[in-house]
Amino acid sequence: MKDQFGRGIDYLRISVTDKCNLRCTYCMPVEGLPWIPRAELLSYEEVAEVVRQMAALGLRRVRLTGGEPLVRRDLPDLVRQLREVEGIEEISLSTNAILLDGVADELRDAGVDRLNISLDTLRRERFAELARRPERSFDATMAGIAAAERVGFHPLKINVVVMRGVNDDELADFAARTRDRPWHVRFIELMPTEGNLFLSDRYVSADELIGRLRALTALVPVQGPRGNGPATYFEIPGAQGTVGVITPLSHNYCSKCNRMRLTADGRLRTCLFGTHEVDLKRPLRETGDVGAAVREALAGKPERHFLRIGTAGGSGGLSALSQVGG
Ligand code: SAM
Ligand code: SF4
């Protein structure tokens, strides 16, 4: 699949639910959002059918995300169905790991190749403030990470959204974790949505945070783990893992964009921060064929996003990344 700017599109992020068991301050309001009605959600069979038809057009890799994908029942069933799709080479999962401990081995056996785990703080009390859930959620997340390591998910990417005055005093602590374990810690710039503009002064650019880390420890540029991501990686000399930065604002990577997003109710979104989307559910339910809709989406994929710091301008009216899978 090629878009009008010649970019090859072979990666689909699939949101399986817009619901979540956390309420991260930068992502979702504490009362939650108006959830997608159940009847509007694509069934696992429908998701697999979309992937099958897109794989015939060139899709090669998928990531399951949300909301929190593990709050949707029987997720390994979907993984097993996706594993059967000819042409799909890699299945990965983004999760907050709260529910991972009980299903890590089943997910691996079902066919998940790689995991990205979100963890914004290494401190129990702070986790409760940030995720607006009891401190035991932190214990559950750490148990989930331990389970991922135990059942052999490697490389394990740990995603940290960095916020000034909230968790930017933990950069060195996160980096230190990469010394003796093969964690790939990726610091993500806070992205503005309509729902989190009150956090605008929390933004820390990747250049600033790498500068701050360099003042504390040696860092050398490295290739980083394999994957689809746009991160830039560094390593503390001799460390088992790496430290990466993801810079959607300070250095956008739109020219290398290889992806589209499928929302839980079946809309194919061509840019995380854009208004362009094409409904796949209707043609899927009416005719069984989404080929034309996928081609229409590809043709309309915008060249880049126009997100700016401190304003939701360019976010395409998005109130939370949980609505489109981040
Ligand atoms: N619940 C799962 C999780 O947290 O990993 C998957 C969905 S979450 C929306 C996907 C990623 O988006 C997470 O790494 C999260 O930290 C990130 N994210 C959400 N809102 C964000 C924002 N406003 N700026 C930067 N990253 C954000
Ligand atoms: Fe849930 Fe992930 Fe959003 Fe946090 S970032 S509220 S874990 S969807």
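In each ligand, atom 1 is the first atom listed, and ligand 1 is the first ligand listed. The figures here come from the full heavy-atom set of this structure, side chains too, leaving out hydrogens, waters and symmetry mates. Residue numbers start at 1 and run along the sequence shown.
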In this structure, does ligand 1 have an atom that sits under 4.0 Å from one of the heavy atoms of Cys24? no
protein heavy-atom neighbour closest to atom 12 (O) of ligand 1 works out as Gly326 CA, 4.1 Å
Among Ser94, Pro192, Gly66, whose heavy atom sits nearest atom 8 (S) of ligand 1? Gly66
Rounded at 0.5 Å granularity, tell me how far OG in Ser43 sits from CD in Gln81. 8.0 Å
In this structure, does ligand 2 have an atom that sits under 4.0 Å from one of the heavy atoms of Gly66? no
Could I get the full list of side chain to side chain contact (heavy atoms under 4.5 Å, CB included) partners for Arg282, not counting sequence neighbours? Asp279, Glu286
Is Asn116 in polar range of ligand 1, meaning some N or O pair under 3.5 Å apart? no
Determine the interplanar angle of the Tyr233 and His184 rings, folded into 0 to 90°, and report it as parallel if under 30°, tilted if 30 to 60°, perpendicular if over 60°. perpendicular
Atom 26 (N) of ligand 1 has as its nearest protein heavy atom Val161 CG2, 3.5 Å
Applying side chain to side chain contact (heavy atoms under 4.5 Å, CB included), run through Leu213 and Phe187 and close with a yes or a no. CA-CA 11 Å; Leu213 266 179; Phe187 295 119; 3.8 Å; yes
Answer yes or no: is there an ion pair linking Glu84 with Arg80, defined by an N-O contact shorter than 4.0 Å? no
Are Phe127 and Phe174 in one and the same hydrophobic cluster, where Ile, Leu, Val, Met, Phe, Trp and Tyr link if side-chain heavy atoms are under 4.5 Å apart? yes
Tell me which protein heavy atom sits closest to atom 16 (O) of ligand 1, plus the residue, atom name and distance to 0.1 Å. Tyr26 OH, 3.0 Å
Can you pull out the closest protein heavy atom to atom 27 (C) of ligand 1? Residue, atom name and distance to 0.1 Å, please. Leu321 CD2, 3.6 Å
Qualifying residue, where the test is side-chain hydrogen bond (donor to acceptor under 3.5 Å, both in side chains) with Asn96 and the options are Asn159, Thr141, Asn21: Asn21
Give me the residue, atom name and distance of the protein heavy atom closest to atom 1 (N) of ligand 1. Gly67 O, 3.0 Å
Above 12 or not: heavy atoms from other molecules or residues under 6.0 Å from CZ of Arg212? yes
Is there a donor in the side chain of Tyr203 and an acceptor in the side chain of Glu189, or the other way round, less than 3.5 Å apart? yes
With ILVMFWY side chains joined below 4.5 Å, transitively, what does Leu33's cluster contain besides itself? Met28, Trp35
Can you check salt bridge (Lys or Arg N to Asp or Glu O under 4.0 Å) on Arg23 and Glu31, steps first, answer last? CA-CA 8 Å; Arg23 291 290 182 271; Glu31 66 278 13; over 6 Å; no
Can you list the atoms of ligand 1 that are under 4.0 Å from a heavy atom of Thr65? 6 (C), 7 (C)
Walk me through it: do Ser322 and Asp18 pass the test side chain to side chain contact (heavy atoms under 4.5 Å, CB included)? CA-CA 6 Å; Ser322 60; Asp18 54 340; 5.8 Å; no
Heteroatom proximity flag, Ser322 to ligand 1, N/O under 3.5 Å: no
Side chain or backbone, does Glu68 bring an N or O within less than 3.5 Å of an N or O on ligand 1? yes
Is atom 6 (C) of ligand 1 in close reach of the protein, with a heavy atom under 4.0 Å away? yes
To the nearest 0.1 Å, how far is atom 13 (C) of ligand 1 from its closest protein heavy atom, and which atom is that? Ser118 OG, 3.3 Å
Part of Asp120 within contact of ligand 1 (heavy atoms, under 4.0 Å): neither
Evaluation steps, side chain to side chain contact (heavy atoms under 4.5 Å, CB included), between Met1 and Val294: CA-CA 10 Å; Met1 292 187 280; Val294 170; 4.0 Å; yes
Shell check on atom 4 (Fe) of ligand 2: protein N, O or S atoms less than 2.8 Å away are Cys24 SG
Checking the N or O distance criterion of under 3.5 Å, is ligand 1 in contact with Met191? yes
Partners passing side chain to side chain contact (heavy atoms under 4.5 Å, CB included) against Glu129 (at least two apart in sequence or in another chain): none
Please check whether Cys20 reaches ligand 1 - meaning an N/O of the residue sits under 3.5 Å from an N/O of the ligand, judged on distance alone. no
Which of the numbered atoms in ligand 2 are under 4.0 angstrom from any heavy atom belonging to Gly67? 8 (S)
Here the atoms of ligand 1 under 4.0 Å from any heavy atom belonging to Glu189 are 25 (C)
Quick one: do Leu268 and Ile36 end up in the same hydrophobic cluster if we chain Ile, Leu, Val, Met, Phe, Trp and Tyr together by side-chain heavy atoms under 4.5 Å apart? no
